[in-house]
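Here is the naming used below: chain letters follow the sequence lines, and residue numbers restart at 1 for every chain. Keep in mind it's a predicted model, so treat the numbers as computed, not measured.
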Amino acid sequence: MSKKIVLIDGHSILNRAFYALPALTNSEGLYTNGVLGFLNILFKILDEEKPEYLTIAFDVHQPTFRHEMFAEYKGTRKGMPEELRGQVPLLKEVLKAMKITILEKGGYEADDILGTLAVKAEKEGYQVSLVSGDRDLLQLATDKIKIRIPKTKKGGTEIENYNTQDVLEAYGVTPKEFIDLKALMGDTSDNIPGVPGIGEKTAAKIIMAFGSIENAYEHIDEVTPNKARESMINNKEQAYLSKILATIKTDCELDYKLEDCTYQDVFNEDAYNYFKRLELKSLLNRFSRANVSVTKEKEKEGTKFEVIEEKAKAQDILDAAIKASNGTTIGFYLACEEETAVLALSFEEKAWLILAQEQASEENLSLQDIKAGLAALISNKKSFATLHLKEQLPFLPEGLSEGIDDIVIGAYLLNPLQSTYEYDDIARDFLKITLPSQNEILGKGSLKEFLKNKKEESVAYYCNHALIAGKAMPLIREELKQKDMEELYDTIEMPLVYTLFDMEQRGIRVNKEGLKEYGDKLTVGIDRLEKEIYEKAGEVFNINSPKQLGVILFEKLHLPNGKKTKTGYSTSAEVLEKLQHDAPIVGKILEYRQLTKLKSTYADGLAAYIGEDGRIHGKFHQTIAATGRISSTEPNLQNIPIRMELGREIRKVFIPEEGYLFLDADYSQIELRVLAHMSGDERLIEAYKQNEDIHRITASLVFHTPFEEVTSEQRRSAKAVNFGIVYGISSFGLGQDLNISRKEAEDYINRYFDTYPGVKTFLDGLVSEGKTQGYVTTLFGRKRPIPELASSNFMTRSFGERVAMNSPIQGTAADIIKIAMIRVNDKLKALKLRSRLILQIHDELLIETATDEIETVRKLLQEEMQHAAELLVSLEVDVNEGPNWYEAK
DNA sequence: TGAGTCACG
DNA sequence: ACGTACGTGACTCAC
């Protein structure tokens with residue numbers, strides 16, 4: 001077996017990767033998509049080939065040899081976008097960290113270096129793999145030199161491989177002839193002029209016939225077609241020049257030895273830290289835990305972690321914490337799993353892990369001891385910081401609502417775009433420390449298991465939580481202050497933690513039998529539809545598979561195919577609705593879809609979450625949505641059907657406890673009212689003051705029609721425009737929604753802006769603000785960064801512009817209802833009412849109300865929601881009551 | 001695991 | 001010319 005060497009064209013692969021992947025930045029704002037794509041391709045090749053030797057060649061940004069010789073052809077190489085430019089040095093650094101040899105030499109292009117090395121390696125008996133995104137290299141293919149061209153296809157990277165025979169088969173010419181082919185046809189991206197009038201087809205014909213440019217000129221009379229022959233005659237010099245330009249050099253003077261291109265220890269600690277910093281999470285699992293131990297990190301930080309199991313010692317630590325100087329932030333993290341409890345405490349650069357034993361004794365601690373200790377500590381009014389406070393509240397002493405900070409909430413406000421805010425994320429972002437993530441520490445094992453064996457890793461894991469919380473909080477608070485978000489944090493987000501906790505604890509009661517019946521009813525319909533569909537289709541297939549369905553509809557039944565989507569036919573409701581009149585099966589399918597959705601997601605889905613108390617305790621998340629909204633999972637209680645009657649019926653199974661009723665309060669068009677306020681547009685504000693149907697008023701103004709004469713069609717259009725404005729209007733999107741042409745949609749938008757000029761000024765202002773500052777802001781100071789606005793890609797940038805218009809509006813509405821939630825919840829509790837807030841659905845609150853408290857609570861809700869913010873237009877709230885959610889809405 | 005689809009505001 | 005509405009989460013299929 002001969003030795004293998006892999007040679008990679010660095011720029012070309014980076015370039016490919018960059019354009020193949022969507023924009024991706026780490027939390028520092030560094031673009032990383034090119035680097036990630038490059039590494040994916042690199043690893044794929046290393047996995048496949050396991051070569052002994054590896055090197056990556058880069059162009060040096062200087063006039064290159066071939067291009068310098070013919071300066072007149074130098075020039076129009078397309079400027080690299082800024083997002084890519086920065087990734088070149090980044091990639092080189094990463095490769096250096098991985099101890100991979102990089103080759104670059106002033107005066108030579110990467111092509112030439114690669115060509116030289118490939119030929120040299122072949123002579124010395126290596127098997128060569130030459131990896132590039134560029135087909136130019138095909139001229140180097142031989143039986144020993146394989147050209148590999150990665151293609152990013154859906155579902156991963158595929159690599160096309162070319163040896164001599166493959167080139168011949170694909171292009172009909174040998175690799176050597178490929179040079180002549182390219183010289184004849186030219187290549188603008190490489191500044192090869194070629195022969196005018198000769199394209200790919202003609203060039204191929206000529207080279208297949210004559211083998212080379214030289215030979216073609218020797219038999220120039222035989223060259224066909226006539227046009228090509230004449231052009232060749234007239235451009236002879238240019239043709240030969242092109243050939244020189246197209247030829248990759250294989251004789252560069254390089255002082256590199258192939259033997260130097262070995263690589264080893266790619267997955268070392270330096271590389272790990274780089275990957276971690278760039279947040280290339282998907283690649284981290286290639287590092288074995290053995291190489292990157294927790295202990296190393298600990299030593300580096302010089303932090304001592306200590307395990308405490310004795311009462312006396314624990315008391316010492318707690319006492320020391322109380323005595324710590326006033327400016328000290330004490331970090332803590334309390335975790336309980338079944339009978340085991342741990343409290344990690346940290347201050348003054350140290351951290352302790354206090355362990356509660358299952359069998360507490362005179363000397364050992366119980367969970368109660370830990371709780372009591374913590375309560376004493378906290379009542380001493382120092383500043384405390386933790387992570388994921390809401391998840392710890394069940395175990396913390398009751399009634400705390402001041403003095404505890406949650407760095408996760410703070411970090412979210414400072415950058416709401418992250419997907420996670422775990423201790424390692426925050427350590428990286430605020431303390432510049434690289435820590436192993438939970439996943440890396442635990443691997444397959446469970447935390448509990450680790451804890452039982454008092455593994456060093458689990459000690460570090462918990463202690464790091466407390467340590468990071470304590471150390472990061474002062475920095476986070478300082479940054480919040482600087483960015484004018486301290487009030488938002490202290491008066492909205494932190495109090496909301498407790499409100500959401502209350503809601504999760506309470507849950508919502510569900511009629512289990514009712515839900516079962518509802519599901520059974522659906523099943524009957526589904527079975528019936530299934531039969532009908534199979535019958536009309538003439539065969540049994542999986543209706544749930546868009547792929548199989550597409551084949552049936554568009555191939556078997558020959559329905560006019562909506563040609564959309566990448567992977568096949570689109571079978572979305574949007575497409576199917578347009579086909580309803582062509583075949584009865586389509587309507588059945590739509591109905592089937594509706595029923596199966598209700599069955600699987602709601603009837604069956606919700607049933608799985610009903611607890612022993614007959615209630616569903618869903619989770620509310622505060623750090624997910626980039627706009628500041630709350631999100632709901634396990635189950636999602638914010639997307640219970642309402643638009644269609646059949647789906648809406650499911651709300652009948654959401655019921656209050658005996659002796660209670662539901663009160664449901666929702667804001668009327670809160671986003672449009674926020675828009676009226678923020679834009680200050682006088683006519684929009686005036687429109688709201690009339691307290692009439694806003695869509696009708698808008699239609700009346702936009703279409704210059706008296707209010708009473710507005711048609712339902714006009715109103716519908718005006719409503720769609722109103723929505724569109726809030727989403728960040730685009731004529732295409734509006735056209736899609738109203739099923740009208742882009743031109744007509746544009747006309748509507750212009751009329752709208754003529755009607756409400758202040759809105760136009762406001763939205764334009766948001767976009768330019770987003771561009772200059774890099775973020776946009778809500779009325780309450782919440783910020784959303786919009787990196788997309790700096791993109792050179794039209795589509796990405798346009799998206800950024802819509803986000804810039806939408807986020808302050810959606811976000812301000814979110815701020816307002818958060819304020820209302822906190823006040824409603826607090827007030828209900830302060831008045832010692834039994835009624836309780838149980839759900840929030842973006843602009844709606846659901847309260848489980850004691851029947852004798854109905855009127856009190858109704859007023860309270862009205863009052864608190866309406867006055868959560870004082871805007872230039874009033875906030876209107878509709879309140880309804882009922883014995884279940886269906887009736888209350 | 002990602003794409004497609006669809007439920008909500 | 002580009003090819004889309006903003007924000008979420010759950011389920012299913014197919015790789």
Worksheet item: Does A:F753 have A:K760 sitting over its ring (NZ/CZ under 6.0 Å from centre, angle to axis within 45°)?
Response: yes
Considering only side-chain heavy atoms of [X], which listed nucleotide, [options], is closest?
{"X": "A:N544", "options": "C:dC2, B:dT5, C:dT12", "result": "C:dT12"}
{"X": "A:T571", "options": "B:dT5, C:dA10, C:dG3", "result": "B:dT5"}
{"X": "A:F794", "options": "C:dG9, C:dG3, C:dG7", "result": "C:dG3"}
{"X": "A:A625", "options": "B:dC8, C:dG7, C:dA10", "result": "C:dG7"}
{"X": "A:A573", "options": "B:dA7, C:dC6, B:dC6", "result": "B:dC6"}

Discussion item. I'd like to know if A:E744 and A:R751 make a salt bridge, using a cut-off of under 4.0 Å between side-chain N and carboxylate O.
Written reply: no
Considering just the side-chain nitrogens and oxygens of [X], establish if one lies under 4.0 Å of OP1 or OP2 belonging to [N].
{"X": "A:R802", "N": "C:dA5", "answer": "no"}
{"X": "A:K547", "N": "B:dA3", "answer": "no"}
{"X": "A:Q548", "N": "C:dA14", "answer": "yes"}
{"X": "A:R643", "N": "B:dG9", "answer": "yes"}
{"X": "A:R593", "N": "B:dT5", "answer": "no"}
{"X": "A:S570", "N": "B:dG4", "answer": "no"}

Worksheet item: Do A:Y756 and A:Y752 make the cut of ring centroids closer than 6.0 angstrom?
Response: yes
Practice prompt. For A:N639, report the nucleic acid contact type (base, sugar-phosphate, nothing); a contact means any heavy atom under 4.0 Å.
Written response: base
Discussion item. Categorize A:E671 for me: base, sugar-phosphate, or nothing, with a 4.0 angstrom heavy-atom threshold over every strand shown.
Written reply: nothing
For atom [atom1], what is the distance between [N] and [M], given to the nearest Å?
{"N": "C:dT4", "M": "B:dA3", "atom1": "P", "answer": "14 Å"}
{"N": "C:dC2", "M": "B:dA7", "atom1": "P", "answer": "32 Å"}
{"N": "B:dC6", "M": "C:dA1", "atom1": "C1'", "answer": "32 Å"}

Worksheet item: Is there a donor N/O on one and an acceptor N/O on the other, under 3.5 Å, for the side chain of A:Q638 and the base of B:dC8?
Response: no
Worksheet item: Of A:Y727 and A:S632, whose nearest nucleotide on DNA chain C comes first from the 5' end?
Response: A:Y727
Worksheet item: For DNA chain C, which ranges pair as stems of 3 or more consecutive Watson-Crick or G-U pairs, with both donor-acceptor distances under 3.5 Å?
Response: B:1-9 with C:6-14
Worksheet entry | Of A:D815, A:T777, A:T812, the residue whose pairing with A:R782 passes side chain to side chain donor-acceptor pair (under 3.5 Å) | A:D815
Worksheet item: According to the interplanar angle, ranging from 0 to 90°, do the rings of A:F554 and A:Y569 count as parallel (below 30°), tilted (30 to 60°) or perpendicular (above 60°)?
Response: tilted
Discussion item. Can you tell me which residue among A:W885, A:F662, A:Y518 is in a ring-ring contact (aromatic ring centres under 6.0 Å, His included) with A:F654?
Written reply: A:W885
